[in-house]
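Accompanying notes for the structure given below.
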Amino acid sequence: MRTILLALIALLPNLLLAQNRPNVIFIISDDHTSQAISAYGSKLAQTPNIDRIAKEGAILYNNIVSNSICGPSRATLLTGKYSHVNGYKFNERQFDISQPVFPEELQKSGYQTAWIGKMHLGSLPHGFDYLNILPGHGSYYNSDFVNSKNETHRYEGYVTDVITRLSKEWLESRDKNKPFFIVVGHKATHRSWLPSLQDLGAYDNVTFPIPDTFYDTYQDRIAAHDQDMSIEKTMLLAEDLKVNPDYNSKSGWSSYNRFTPEQKAQFKAYYDKVEADFTQKKLTGKALTEWKFQRYMRDYLATAKSLDRNIGELLEYLDQTGLSKNTVVVYTSDQGFYLGEHGWFDKRFIYEESLKTPFVIRYPGVIKAGTKVNQVVSNVDWAPTLLNIMNTKIPSTFQGHSFLPLLTGKTSGWKSESYYHYYEYPEPHHVYPHFGIRTDRYTLAKFYGTKNFWELYDIKNDPKNLHNLYNDKRYAKVINDLKKKLVEQIKLVKDDEALPLVD
Ligand code: CA
């Protein structure tokens with residue numbers, strides 16, 4: 001009896017350690033928005049596997065990003081810092097790898113770390129025992145991957161499937177004596193939305209409802225008026241909608257030139273029918289724009305269908321291997337996206353659809369199934385939250401805060417506003433730079449540079465951001481209070497560029 005007891009006591013630290021050291025799988029897609037996820041109430045498509053994570057854990061309804069574009073969002077994930085502090089304000093730059101990233105802290109505390117799939121930061125950050133990432137945007141078909149040794153290999157197949165396969169291979173080959181943290185970075189659903197062969201035509205029998213803001217006239221909203229990201233004018237027939245695309249083209253993120261002959265035959269057969277439909281209809285004006293919208297929805301949602309299926313495959317793997325019970329699973333995207341709202345695709349704006357990003361998390365035994373979180377949290381909070389979950393010290397230089405307490409029902413003391421700053425202008429989509437705050441009720445933003453102006457939205461009464469209330473005298477006090485909060489935030493996050501622009 002005594003021997004058994006002593007053996008149990010000897011085991012105790014390990015058991016406690018295992019409990020406090022869950023594994024984490026952080027799945028982050030690209031441009032996949034809440035409007036396309038059924039857990040968020042979407043009627044456009046069913047996403048049973050993302051929904052499963054939400055159902056078995058928590059769903060966050062107001063997770064905003066601090067700069068709504070791809071690379072900057074991932075740089076914020078890695079550093080727990082805003083773009084102006086980690087230096088990655090724009091896409092297509094080189095992330096400064098001399099700065100600390102949170103996976104280094106995990107390594108120090110005994111975790112194995114890996115990032116597989118899309119990262120797109122122009123450099124290979126420290127902090128990962130294993131990397132196998134897409135060069136730049138990678139390709140939807142037969143993509144190259146770059147590993148930790150900077151070697152490039154080409155993997156035949158559809159990129160979302162390949163990323164899942166490589167993730168499972170790493171999970172199989174990992175050191176099973178250590179807890180793990182893995183980022184599964186998906187290319188889907190980034191432009192230009194090439195579906196998997198098995199999903200071609202998945203939505204051909206659906207006519208998608210035109211969003212009620214599709215024909216927005218942008219009254220009192222200068223930046224919304226001046227953008228270049230509309231389905232009508234900006235979306236390309238060949239490259240985006242595959243009406244006779246150049247199958248030999250090496251340029252861009254589509255890489256139509258990488259198909260095997262068999263893949264190309266199947267892909268082209270489908271899109272030749274699309275081209276025939278386009279040619280035969282001879283559409284112009286609104287009819288043409290709405291045809292483009294339907295094609296966009298079909299390609300985007302077919303691309304998302306593979307994404308959800310692959311998430312399901314990973315969840316299934318966790319079930320089969322018994323890892324589910326001690327593995328936290330997160331699904332999120334680098335930002336939200338427009339699915340025809342305001343007539344747009346793309347992201348960038350502080351408006352709801354692109355400001356918010358989906359975030360669901362399952363943490364067995366800690367987060368109650370069916371938890372719903374309405375507080376405003378930000379992607380700057382992701383790194384601290386992950387470190388908190390993995391029982392690893394959060395460096396004091398990180399700017400975000402762990403929202404793990406919110407996920408377990410402890411809501412008191414959480415900050416009520418979050419900061420935003422977007423920079424990339426004028427290319428590629430002519431969205432004026434702007435900064436602002438989102439509270440649980442309002443969004444206040446200052447646009448600057450070529451044109452200088454303010455916007456205020458009442459999220460409760462105007463969730464679609466159609467009514468700029470900044471010049472409405474009834475809101476003078478609200479604006480005054482929000483500006484004070486904004487200045488507080490700017491000082492807190494040390495955004496020296498923004499401070500003199502508050503007038
Ligand atoms: Ca993105």
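Please read all numbers here as calculations on a predicted model, not as lab measurements. All ligand and atom numbering here is 1-based and tracks the order in the structure. In this chain, residues are counted from 1 in sequence order.
- In this structure, a donor-acceptor pair under 3.5 Å is present between the side chains of R438 and N62.
- Between W382 and N63, the side chains place a donor N or O and an acceptor N or O closer than 3.5 Å (distance only, hydrogens not considered).
- When distances to the Ca ion (ligand 1) are checked against a cut-off of 3.0 Å, S333 contributes no N, O or S atom below that limit.
- Angle subtended at the Ca ion (ligand 1) by D334 OD2 and D30 OD1: 90°, rounded to 10 degrees.
- A cation-pi arrangement, defined by a distance under 6.0 Å to the six-membered ring centre and an angle within 45 degrees of its axis, is present between K187 and Y140.
- Remark: at the Ca ion (ligand 1), atom SG from C70 and atom OE1 from Q335 enclose 100°, rounded to the nearest 10 degrees.
- When you scan the N, O or S atoms of D31 for the one nearest the Ca ion (ligand 1), you land on OD1.
- Remark: of the listed residues L307, I25, I28, L307 is the sole one forming a side-chain contact (heavy atoms from CB on, under 4.5 Å) with Y331.
- The Ca ion (ligand 1) has no N, O or S atom of H190 under 3.0 Å away, backbone or side chain.
- Counting only N and O atoms by type, the side chains of N310 and D161 include a donor and acceptor under 3.5 Å apart.
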